[in-house]
Amino acid sequence: MKSGDIEFCISASANAATLSPQAGVMSLHFLFRSEDHLVKAVADPAVVKAVREMIDDTVQGAHVLAVTTLGLRNIYSKREVKKIEDIKGMKVRVQATPTEDTMFPAYGAQTVHMPFGNVYTSLQTGVVDAAENGVNVYLVNKHYEVAPVLSMTEHEANNSLIWISDKPGRA
């Protein structure tokens, strides 16, 4: 994007923290009370403006056009998670971001980073005890086959940023 090879891109807001560290604020746990609260927040022009300005302060060559949401993230494993203490000692596959690496250890969990394509086998073999993502991702990737308990923790927003490059395409 920054070089102009790609004109548009959609990325997870959590991944944007690798370019703009303060974008990690969108991944703070329990920031949103409900999915309705989340939808209302990302539809608020003031919130979108603040996110766009936050990105513009640290990223050159690309800008955020819009913020979208895919709902809230949940934890899934072989056992139920009803309260934060339930993940103490668990190895949880998380997105490789500073926010995740701060939040989950605060609950007593161990964070594990790996490519998303390895999550199914890692849950199956016990490399990780749990993973977390949106319900749609859990279902489409059949993670329920190896982690049959989906705990509706709604601990984090699953947001995306729509980006545009400053440079014209090279088509």
Side-chain angles (χ1 to χ4, degrees), residues 1-76 81 84 87 92-107 109-119 122 128 130-141 143 147 150-167:
M1 285 249 335
K2 290 168 68 171
S3 68
D5 291 338
I6 299 171
E7 294 175 2
F8 289 93
C9 163
I10 299 174
S11 75
S13 57
N15 294 337
T18 61
L19 293 174
S20 182
Q22 64 268 39
V25 72
M26 299 293 288
S27 298
L28 289 175
H29 290 193
F30 306 106
L31 183 61
F32 302 99
R33 293 183 300 274
S34 65
E35 194 157 352
D36 288 342
H37 181 227
L38 167 61
V39 170
K40 185 177 179 181
V42 298
D44 184 331
V47 171
V48 175
K49 181 178 186 240
V51 171
R52 292 176 70 191
E53 289 173 354
M54 174 179 63
I55 298 295
D56 282 348
D57 284 346
T58 53
V59 176
Q60 296 176 354
H63 299 279
V64 170
L65 292 175
V67 180
T68 65
T69 185
L70 298 170
L72 296 167
R73 297 174 77 89
N74 302 285
I75 295 174
Y76 46 92
V81 174
I84 289 173
I87 66 168
V92 183
R93 187 279 178 176
V94 300
Q95 301 170 93
T97 70
T99 306
E100 302 304 334
D101 289 344
T102 301
M103 299 301 291
F104 279 97
Y107 309 144
Q110 176 186 341
T111 59
V112 179
H113 302 159
M114 68 179 61
F116 183 75
N118 296 352
V119 174
S122 295
V128 296
E132 53 90 44
N133 218 313
V135 173
N136 59 329
V137 174
Y138 175 73
L139 295 173
V140 168
N141 292 280
H143 287 173
L150 173 62
S151 298
M152 301 301 288
T153 56
E154 298 185 337
H155 60 276
E156 180 182 341
N158 209 13
N159 294 325
S160 295
L161 303 178
I162 301 173
W163 296 80
I164 186 169
S165 176
D166 281 348
K167 298 188 176 162

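- With contacts defined as side-chain heavy-atom distances shorter than 4.5 Å, the pair Gln60/Asp166 does not qualify.
- Two residues are said to be in side-chain contact when any heavy atoms from C-beta on lie closer than 4.5 Å; Phe30 and Met103 fail this criterion.
- You'll find the side chain of Phe32 stays beyond 4.5 Å of the side chain of Glu154, heavy atoms only.
- Applying the ring pair (Phe, Tyr, Trp, His ring centres under 6.0 Å) criterion to His63, with sequence neighbours excluded, gives no partner residue.
- Minimum heavy-atom separation, Ala17 to Gly24: CB-N, 3.8 Å.
- One distance of note links CG of Leu38 with CE of Met26; it measures 7.5 Å at 0.5 Å rounding.
- Between the side chain of Ser20 and the backbone N or O of Thr58, no donor-acceptor pair lies under 3.5 Å.
- In this structure a side-chain-to-backbone donor-acceptor pair under 3.5 Å is missing from Gln95 to Ala14.
- Note that CG of Leu150 is 11.5 Å distant from CD of Glu132, once rounded to the nearest 0.5 Å.
- The two residues Arg73 and Ala157 make their nearest non-hydrogen contact at CD-O, 4.0 Å.
- Across all their heavy atoms, Ala62 and Asp56 have their closest contact at O-OD1, 4.3 Å.
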Where do Gln110 and Val92 land on the side chain to side chain contact (heavy atoms under 4.5 Å, CB included) test, with the steps shown first? CA-CA 6 Å; Gln110 176 186 341; Val92 183; over 6 Å; no
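- Atom CD1 of Ile75 and atom CD of Glu156 lie 10.0 Å apart (nearest 0.5 Å).
- Here the closest non-hydrogen pair linking Ile10 and Ser160 is CG2-CB, 3.7 Å.
- Ala147 and Tyr138 make their closest contact through O-OH, 2.7 Å (heavy atoms, listed as atom of the first residue, atom of the second, distance).
- Using a 4.5 Å heavy-atom cutoff, the side chains of Asp101 and Val94 are in contact.
- Atom CD of residue Glu100 and atom CG of residue Leu28 lie 9.5 Å apart, to the nearest 0.5 angstrom.
- Looking only at side-chain heavy atoms (C-beta outward), Val67 and Ser13 stay at 4.5 Å or farther from each other.
- With contacts defined as side-chain heavy-atom distances shorter than 4.5 Å, the pair Trp163/Leu19 qualifies.
- Between the CG atom in Leu72 and the CG atom in Asn159 there is a gap of 8.5 Å [rounded to 0.5 Å].
- The minimum heavy-atom distance between Thr99 and Ser27, with the atom names listed, is CG2-O, 3.5 Å.
- Note: Ile162 CD1 to Leu65 CG = 7.0 Å, rounded to the nearest 0.5 Å.
- For Phe116, the side-chain contact (heavy atoms from CB on, under 4.5 Å) criterion is met by Arg93, Val119, Asn133, Val137, Asn141, His143, not counting sequence neighbours.
- The shortest side-chain heavy-atom distance between Ile6 and Ser165 does not fall under the 4.5 Å cut-off.
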Please report the C-alpha distance between Ile164 and Glu7 in whole Å, then the side-chain angles of each, then the deciding distance to 0.1 Å, and finally whether the side chain to side chain contact (heavy atoms under 4.5 Å, CB included) criterion is met. CA-CA 6 Å; Ile164 186 169; Glu7 294 175 2; 5.8 Å; no
